[in-house]
Amino acid sequence: MKINRSELERGFKNKLFDIPVEGLHLEDVRIENDPMECILSADPFPKGIKLSGSLKVHFLESCDRCLESLVEVHTTKVNCLLTPIKAMIDDFETQVIYFNSTDLEVDIGPILKEIILLEESWKRLCREDCKGLCPTCGINQNFGTCECHDDSSDSPWDALKQI
């Protein structure tokens, strides 16, 4: 996503940007809302331009226990500094993009991609009390029960069931 220098230097408040998913090259992430909604503000300050706002992402996932489809909505903060000072690029407390005085536009796509990848959940559950699938017949235990028996054979893994 590119933003023009003239627009950044004038500054803006709570401007809505529609971010196409395709332009961010998120191959392993499935997103339902295309384009994504990003609201940004640009505030000039002595060391550059500060971009702040939020990005709303609807992740299309499947539950880790029962494999049902689900949508997780995440609204995450965007904080970024655009600066011509190369020494600030290594500042790990804020996300910094080098933006020299001759550039006519800046691409914040890499920052947005990073935010999205960090925001994606590791554990995906359709609900906290999801019962998952029966390990024997595969029925979704959230919607019904099966006639499968708990095989109580002598297995070296039986001690783990006690935990």
Side-chain angles (χ1 to χ4, degrees), residues 1-133 135 140-143 160 163:
M1 181 190 121
K2 296 183 179 182
I3 305 174
N4 291 327
R5 172 180 286 285
S6 60
E7 193 174 7
L8 289 166
E9 289 175 343
R10 281 192 311 267
F12 50 84
K13 297 282 184 214
N14 299 324
K15 183 174 180 181
L16 175 65
F17 291 90
D18 289 329
I19 313 295
V21 174
E22 182 180 300
L24 295 177
H25 309 290
L26 297 164
E27 292 80 21
D28 296 333
V29 180
R30 296 184 314 161
I31 296 177
E32 183 182 59
N33 61 326
D34 189 4
M36 294 176 290
E37 204 175 274
C38 186
I39 298 173
L40 293 175
S41 297
D43 298 306
F45 78 109
K47 295 180 181 179
I49 299 168
K50 181 180 179 189
L51 278 178
S52 59
S54 63
L55 176 65
K56 191 172 191 176
V57 184
H58 297 223
F59 291 100
L60 184 58
E61 306 285 1
S62 59
C63 179
D64 288 340
R65 291 184 187 159
C66 69
L67 305 178
E68 289 291 318
S69 293
L70 66 118
V71 175
E72 288 185 338
V73 179
H74 293 249
T75 301
T76 185
K77 291 182 181 180
V78 176
N79 287 308
C80 176
L81 177 63
L82 310 174
T83 183
I85 304 169
K86 288 187 178 184
M88 292 183 70
I89 293 174
D90 293 332
D91 182 4
F92 296 109
E93 292 182 21
T94 55
Q95 294 177 318
V96 180
I97 296 177
Y98 178 69
F99 186 51
N100 73 34
S101 58
T102 61
D103 290 339
L104 298 178
E105 60 187 15
V106 64
D107 184 9
I108 64 166
I111 296 284
L112 296 178
K113 180 179 179 176
E114 183 178 319
I115 289 170
I116 292 167
L117 292 174
L118 290 172
E119 190 66 25
E120 189 178 20
S121 298
W122 287 89
K123 185 69 174 172
R124 300 165 194 101
L125 296 176
C126 59
R127 57 186 191 212
E128 286 297 319
D129 63 340
C130 178
K131 297 175 185 173
L133 302 175
N140 186 338
Q141 296 177 339
N142 294 315
F143 302 122
L160 292 175
I163 297 176

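H74 approaches F59 most closely through the heavy-atom pair CD2-CD1, 3.4 Å. Shortest non-hydrogen contact noted between H25 and E27 is O-OE1, 2.8 Å. Minimum interatomic distance between V106 and I97 (heavy atoms only, all atoms of both residues): CG2-CG2, 3.8 Å.
Between L8 and L51, the closest side-chain pair of non-hydrogen atoms falls below 4.5 Å. Taking the side chain as every heavy atom from C-beta outward, I31 and I116 approach each other to under 4.5 Å. By the 4.5 Å heavy-atom criterion applied to side chains, N142 and E68 are not counted as neighbours. Using a 4.5 Å heavy-atom cutoff, the side chains of M1 and L40 are in contact. At least one side-chain heavy atom of C130 sits less than 4.5 Å from a side-chain heavy atom of C66. Residues V96 and Y98 are not in side-chain contact: their nearest non-hydrogen atoms beyond the backbone lie 4.5 Å or more apart. The closest side-chain heavy-atom distance from I19 to P35 is not below 4.5 Å.
Atom CZ of R65 and atom CZ of R124 lie 13.5 Å apart (nearest 0.5 Å). Of the inter-residue distances, the one linking F99 atom CZ with I3 atom CD1 reads 9.0 Å to the nearest 0.5 angstrom. Between atom NZ of residue K77 and atom CD1 of residue I115 there is a gap of 12.0 Å, rounded to the nearest 0.5 Å. To the nearest 0.5 Å, the span separating NZ on K113 from CD1 on I108 amounts to 15.0 Å. Annotation: the span from L55 atom CG to L112 atom CG amounts to 6.0 Å, rounded to 0.5 Å. Within the model, atoms CD of E61 and CD of E72 stand 5.5 Å from one another, a figure rounded to the nearest 0.5 Å.
Counting non-hydrogen atoms of other residues, nucleotides and ligands closer than 6.0 Å to NZ of K2 gives a total of 12 or fewer. Enclosure of atom CD in E9 by more than 12 non-hydrogen atoms of other residues, nucleotides or ligands within 6.0 angstrom is indicated. In this structure, L118 places its CG atom where more than 12 heavy-atom neighbours from other residues, nucleotides or ligands lie under 6.0 Å away.
Side-chain N or O atoms of T83 include none that pairs as donor or acceptor with a backbone N or O of G48 at under 3.5 Å. Judged by distance alone, the side chain of S41 and the main-chain N or O of N14 form a donor-acceptor pair under 3.5 Å. The backbone N or O of M36 lies less than 3.5 Å from no partner atom in the side chain of N33, so there is not a single donor-acceptor pair.
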#### Entry: N4/S6 under side-chain hydrogen bond (donor to acceptor under 3.5 Å, both in side chains): CA gap, chis, key distance, verdict
CA-CA 6 Å; N4 291 327; S6 60; 5.2 Å; no
